[in-house]
Structure formats: C-alpha cells, structure tokens
Amino acid sequence: MEVFIDFGMKLTSWNLERKNQLYLQIQEKYGDDMAAAAFALLLKGGVRFRGQTEWYREHNRKQFCVDLVDYQGVPLEAIDFSGSIISYDGLGSLVKLKALKQLDLSRCPNVDDWSLSRLHVFGDTLEELSLAGCPRVTERGLGCLHHLESLRRLDVADLSSVPNKGLVRILLEEMLPRCEVVGIRYDDDELALPLEPEAHRGQAEWPRGAARVQKTREIPA
C-alpha cells in the first residue's frame with residue numbers, strides 16, 4: 001500500500017511540474033494573462049476574458065488554444081478553479097494579473113490560510129471570491145482578506161475548520177463593510193451570543209479563548 005501511495009505522490013508532483021513548465025512557456029510567448037488562463041484550463045477550470053459572456057472550459061480547451069493569439073493583450077477578468085488541486089504554489093500563476101475581478105476557489109482541498117495570503121495583490125480589482133467548502137481555511141486565513149477593499153461578494157459556506165461562524169461573519173462584515181458575506185448565518189454558532197450592553201452594542205469581540213481574526217496577510221506559526 002505504501003508503494004502505491006508513494007507512486008501517487010510522485011505522479012502528482014510530476015504532473016504539477018509539467019504544468020508549471022507549460023505555464024512558463026506560454027507566459028514567455030503570450031504574456032501573464034494567457035499563461036494564467038492556460039494554467040486554469042490545465043486544472044480543468046474555466047476562464048473568462050474582458051468582454052466575454054461565456055466561460056472557456058476544459059472541454060473546449062483545444063479551440064481556445066487555437067484562438068489563443070486573438071486574446072493576447074485582453075485582460076483576464078474571471079477564473080474558476082472550483083474543485084481543483086490548486087494550492088499556494090499554483091496561485092503564484094495569478095499574482096501578475098492586473099484586472100482579475102472574479103475568483104472561484106470553492107471545494108479546493110489544498111487551499112489553506114497561506115494560500116489566501118497571496119490574494120492581497122488583487123486588493124484593487126477583485127470583486128467576487130468564493131471559498132465555499134475549502135476544508136483547510138480557518139478564521140486566521142479569512143483575516144488576510146482585509147486587503148481586498150474592492151470585494152463585493154464573499155462566499156464562505158461550509159468551512160469546516162472555522163469555529164464561531166456567526167461571530168466570524170460579524171467580523172468579516174466589519175472588516176469588509178462594502179462586501180456581501182454569504183454562506184454563514186448569524187445563528188450558525190452552537191451557542192447564542194449573550195446580549196451586549198447598550199454602550200458596547202455593535203462592537204464585536206472574540207469570546208475568551210477563541211482565536212482572533214488577524215488583519216495581516218502573514219499567517220502566524
């Protein structure tokens with residue numbers, strides 16, 4: 001059994017290395033947006049450029065590659081990585097994008113708090129972000145999102161590693177006042193929050209012993 005596990009890990013590593021090499025080749029020839037789009041399609045994701053209404057998906061990747069030159073210089077505005085193996089390293093393929101507005105990382109098993117620390121570069125452009133169903137994201141990683149000042153919609157449904165969900169929603173809304181936070185209800189906590197004294201109403205605080213949401217892109221050890 002250990003032999004099969006070791007072989008599977010090596011195969012996964014080889015596949016990622018091969019995809020990274022292809023990314024670098026396309027980046028050199030066509031630019032950052034084209035390279036990021038090709039990388040997303042290799043992970044069976046989807047992309048959408050400025051002016052498009054339909055997504056390019058893995059099933060029409062060949063047609064996309066044929067028309068690749070037609071999109072050179074057109075900003076990439078939306079990427080769907082949902083359910084893929086994208087990780088901290090893979091997100092490095094996006095950091096040079098200048099016009100990314102929508103990013104779907106839902107149900108990505110390798111997206112963690114460190115991965116979210118890479119998103120600060122999209123603070124001026126990103127408007128929609130989905131982290132729904134990411135099992136390794138905690139409240140510490142959500143604290144990194146305070147850099148995303150242009151964010152208008154954030155999906156944080158089904159985050160199994162986030163405790164005190166109702167309180168986390170309150171803190172996210174304070175941290176991102178212009179953003180609609182979906183996927184968490186105020187009453188999702190197992191225990192109802194006590195009523196606040198009127199003098200302190202509206203000032204959400206962590207209960208004693210609970211981890212704070214950190215307003216920094218650095219994740220503490």
Side-chain angles (χ1 to χ4, degrees), residues 45 78-95 100-197 199-221:
I79 303 180
D80 178 4
F81 280 118
S82 59
S84 75
I85 60 172
I86 189 74
S87 64
Y88 174 88
D89 291 331
L91 287 171
S93 65
L94 311 184
V95 296
L100 188 64
K101 293 184 176 182
Q102 182 178 349
L103 180 61
D104 190 343
L105 298 174
S106 60
R107 307 185 313 281
C108 291
N110 298 321
V111 168
D112 57 10
D113 294 343
W114 283 109
S115 303
L116 300 189
S117 72
R118 302 205 83 156
L119 302 184
H120 69 96
V121 296
F122 306 120
D124 295 332
T125 63
L126 196 63
E127 298 177 357
E128 296 185 32
L129 173 65
S130 178
L131 302 172
C134 291
R136 299 178 64 183
V137 168
T138 74
E139 71 278 8
R140 290 180 296 173
L142 295 177
C144 300
L145 304 182
H146 79 277
H147 295 280
L148 304 180
E149 297 181 356
S150 296
L151 205 61
R152 296 295 177 265
R153 190 176 191 275
L154 173 64
D155 190 346
V156 286
D158 302 320
L159 297 184
S160 57
S161 296
V162 174
N164 303 309
K165 289 182 170 59
L167 185 56
V168 167
R169 172 171 175 166
I170 293 173
L171 294 175
L172 284 171
E173 290 176 339
E174 289 186 350
M175 187 173 71
L176 300 167
R178 294 184 293 175
C179 179
E180 177 189 11
V181 179
V182 301
I184 289 180
R185 301 182 306 176
Y186 295 114
D187 59 352
D188 275 348
D189 294 335
E190 293 182 3
L191 299 176
L193 294 175
L195 292 176
E196 298 175 281
H200 300 287
R201 193 159 295 161
Q203 299 178 7
E205 294 182 354
W206 287 102
R208 182 170 298 178
R212 286 180 178 273
V213 173
Q214 311 252 347
K215 282 195 174 183
T216 173
R217 78 173 190 267
E218 297 296 330
I219 308 299

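Quick note: residue numbers are just sequence positions, from 1.
A 4.5 Å side-chain heavy-atom check between Pro163 and Glu139 finds at least one atom pair inside the cut-off. The shortest side-chain heavy-atom distance between Phe122 and Leu94 falls under the 4.5 Å cut-off. Considering only heavy atoms from C-beta on, Glu180 stays 4.5 Å or farther from Arg152 through its side chain. Leu142 is listed as a side-chain neighbour of Leu131, based on a closest heavy-atom distance under 4.5 Å. Two residues are said to be in side-chain contact when any heavy atoms from C-beta on lie closer than 4.5 Å; Leu129 and Leu145 meet this criterion. Leu148 has its side chain out of reach of Leu154: every pair of non-hydrogen atoms, C-beta onward, lies at least 4.5 Å apart.
In terms of heavy atoms, Leu105 sits closest to Cys134 at O-SG, 3.0 Å. Glu149 and Arg178 get closest at one heavy-atom pair: O-NH2, 3.0 Å. Residues Val181 and Val156 come closest through the heavy atom pair CG1-CG2, 3.9 Å. Taking every heavy atom of both residues into account, Trp114 and Tyr88 meet most closely at O-CD1, 3.2 Å. The heavy-atom pair separating Pro135 from Cys108 by the smallest distance is CD-O, 4.1 Å.
Rounded to the nearest 0.5 Å, atoms SG (Cys179) and CG (Leu126) are 9.5 Å apart. Taking CZ of Arg118 as the reference point, atom NE2 of His147 lies at 14.0 Å (rounded to 0.5 Å). We find the CD1-OG distance between Ile86 and Ser115 to be 8.0 Å, quoted to the nearest 0.5 Å. The structure places CG of Asp124 at 12.5 Å from CG of Leu100, a figure rounded to the nearest 0.5 Å. Distance check: Ser117 OG to Arg140 CZ gives 12.0 Å after rounding to the nearest 0.5 Å. Atom-to-atom distance recorded for Arg185:CZ and Lys165:NZ is 12.0 Å, nearest 0.5 angstrom.
No side-chain donor-acceptor contact under 3.5 Å links Ser150 to the backbone of Glu127.
Residues passing the side-chain contact (heavy atoms from CB on, under 4.5 Å) test with Ser106 are Ser82, Asp104, Ser130, Ala132, sequence neighbours excluded. Judged as a salt bridge (charged side-chain N to carboxylate O under 4.0 Å, His left out), and not counting sequence neighbours, the contacts of Glu173 are Arg169. A search for side-chain contact (heavy atoms from CB on, under 4.5 Å) contacts involving Arg136 returns Asn110, Asp112, not counting sequence neighbours. A search for side-chain contact (heavy atoms from CB on, under 4.5 Å) contacts involving Ala78 returns Arg48, Trp55, Gln102, not counting sequence neighbours. The side-chain contact (heavy atoms from CB on, under 4.5 Å) check on Val121 picks up Val95, with sequence neighbours excluded. Remark: Asp80 pairs with Arg57 by the salt bridge (charged side-chain N to carboxylate O under 4.0 Å, His left out) rule, at least two apart or across chains.
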